[in-house]
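Presented below is the structure to which this report refers.
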Number of protein chains: 2
Amino acid sequence: MAIDATDVAALFHSSSGSAPAYQRLKDLVSEQIATGRWTEGEMLPSESRLVESLGLSRMTINRALRELSAAGLVVRTAGVGTFVAAHKGSSALFEVRNIADEVHHRGHRHRTEVAFVREEPADAPVRRLFDLPEGRPVFHSLVVHYEQDVAIQLEDRLVNPELAPEYLAQDFTTRTPNDYLSRIAPLGRGEHVVEAVLATPDECERLDIDAGEPCLLIRRRTWSQDRLVSAARLLHPGSRYRLEGTFESP
Amino acid sequence: MAIDATDVAALFHSSSGSAPAYQRLKDLVSEQIATGRWTEGEMLPSESRLVESLGLSRMTINRALRELSAAGLVVRTAGVGTFVAAHKGSSALFEVRNIADEVHHRGHRHRTEVAFVREEPADAPVRRLFDLPEGRPVFHSLVVHYEQDVAIQLEDRLVNPELAPEYLAQDFTTRTPNDYLSRIAPLGRGEHVVEAVLATPDECERLDIDAGEPCLLIRRRTWSQDRLVSAARLLHPGSRYRLEGTFESP
DNA sequence: GAGTGGTCTAGACCACGTA
DNA sequence: ACGTGGTCTAGACCACTCA
């Protein structure tokens, strides 16, 4: 249930010597955890014990363990110790990017068409969502994004009028709603959900797709300083859009 | 084109004083970049200049800038300097997890049914993919994952027989293919693509869904030490599955 | 050669959790 | 009271880039 510092020292000295010491220690620990020789919940030697057994300074040990902690391989608690973290399975990360950047990055032309940008009465659930007083309307925009003149995203967005009071006056053909909002309200937190759905007849018409075509729907909400800035439904024709990502193990 | 160290000092001393110094410096820099006051390519003061102007030790400055570099906000080059990184737009991260863990995490029962696990001749593209000699067969498994006895994923997987020679002998009702593979071949790199598609008639039958139901398809490939371990198609009924994620700005 | 970041050391003080 | 990690200091040597 506790890993011996002298075992760590043996592993450390048998490792290749070219990399920096903190990196070699990180690699050593990663390896033991990846292969299952050190198991969930086991306690690693304390920093001071590793200072003795490895002959490194505490700052170097600390950096290695801190970065392993940031990477999620170990859990550290001041006053308690360092422990092998629960096995995270093969989780992997996905990057969801700004649609305009993505299109430009492919070397293609991006264009938006604005269906409408308007003020609308907010019903009770929407008021709760945005934490708005009764009677306060909400902003609503519907925009189609084109890549090389092919519709790839229908962006249906509700916006908090208290955090983006000038939203209605923006020209979304020159700057996307996303761009505008991330400028005026530096986003803190966000969440998104990806689903496969069928589009409604109206959505099919705006995206110029057939009724049966499966679509990728991303619902995204972003907060700035703990207040909801915007909630968006981003609908993509399945045949014209996909999310891609890569990941590397720590 | 270059940021003044005394400006940084002014910002630093006007910030709240409770957090650790390296964190306050990180926050300060993040803020300037997020609000656009510091723009892409601008050079930050060197570590030694910040030591003078902030009155902190170089290790503290170094930690702040190193972590900002790891977070992608700045780019550092030894011998050159530290620069504001290219604006990444509002990219956000998605975590794709092991299906069994995910189900268990919801407090639900997970079960797999194995349609088949077998050896198959590998055609030229598959041989190239796995870097196999001619005549070498490939392993192929088809497994259905159930959450509370409802089919949520059809896992169609090709496996490199040279990296997982015992694959055919595994019991995938007790340990998922994913679990097994990540044990025997610690994964290095991976990539995945998410799409919305329609299932084939055979797939519809195995998942017990109607022909027109949109499905979320995740295609995932994982490498271990630069050799492809496995390529999988993970097909989810749109009505029964979605990807969720949260993100925080650095 | 001057300046940069990358790494490392040998101390130090502190807040925290456990006993 | 003790051991833990969290932070910080004031030095140091190195490899690297650029003029």
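Naming: A, B, ... by sequence-line order, numbering from 1 per chain.
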Find which nucleotide of DNA chain D each of A/Ser48 and B/Ile61 is nearest to by heavy atoms, and output the residue with the more 5' nucleotide.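 Looking at the nearest nucleotide for each, A/Ser48 comes out on the 5' side.
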In terms of the nearest nucleotide of DNA chain D, which residue is placed more toward the 5' end: B/Gln23 or B/Thr77?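 Taking each residue's closest nucleotide, the earlier one in sequence belongs to B/Gln23.
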Tell me: [atom1] of [X] to [atom2] of [N], nearest whole Å?
| X | N | atom1 | atom2 | value |
| --- | --- | --- | --- | --- |
| B/Asn62 | C/dT9 | CG | P | 15 Å |
| A/Arg24 | C/dT7 | CZ | P | 13 Å |
| A/Phe12 | C/dC8 | CZ | C1' | 12 Å |

Does a sphere of radius 6.0 Å around CZ in B/Arg49 hold more than 12 heavy atoms from other residues, nucleotides or ligands, not counting ones at 6.0 Å or beyond?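 Count not over threshold, so no.
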Can a side chain N or O of [X] be found less than 4.0 Å away from OP1 or OP2 on [N]?
| X | N | result |
| --- | --- | --- |
| B/Ser57 | D/dC8 | no |
| B/Arg63 | D/dT7 | yes |
| A/Thr82 | D/dT4 | no |
| A/Tyr22 | C/dT7 | yes |

Any idea which heavy atoms bring A/Val29 and A/Val74 closest together, and the distance?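 Scanning both residues, the minimum pair turns out to be CG1-CG1, 4.4 Å.
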Could you tell me whether A/Leu65 contacts a base, only the sugar-phosphate backbone, or nothing, with contacts defined as non-hydrogen atoms closer than 4.0 Å?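 Here A/Leu65 touches no strand at all.
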Mark yes or no for a side-chain to base donor-acceptor pair under 3.5 Å between A/Arg58 and D/dG6, with no hydrogen or angle criteria applied.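 Between D/dG6 and A/Arg58, which were checked side chain against base, a qualifying N/O pair under 3.5 Å is present.
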Among D/dG6, C/dT7, C/dG5, find the nucleotide with the atom closest to the side chain of A/Glu47.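 The closest nucleotide is D/dG6.
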Quiz item: cation-pi between B/Arg109 and B/Tyr146, 6.0 Å / 45°: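 B/Arg109 over B/Tyr146 ring: no.
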Under 30°, 30 to 60°, or over 60°: which ring-plane class applies to A/Tyr167 and A/Tyr180, parallel, tilted or perpendicular?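 Geometry flag for A/Tyr180 against A/Tyr167: tilted rings.
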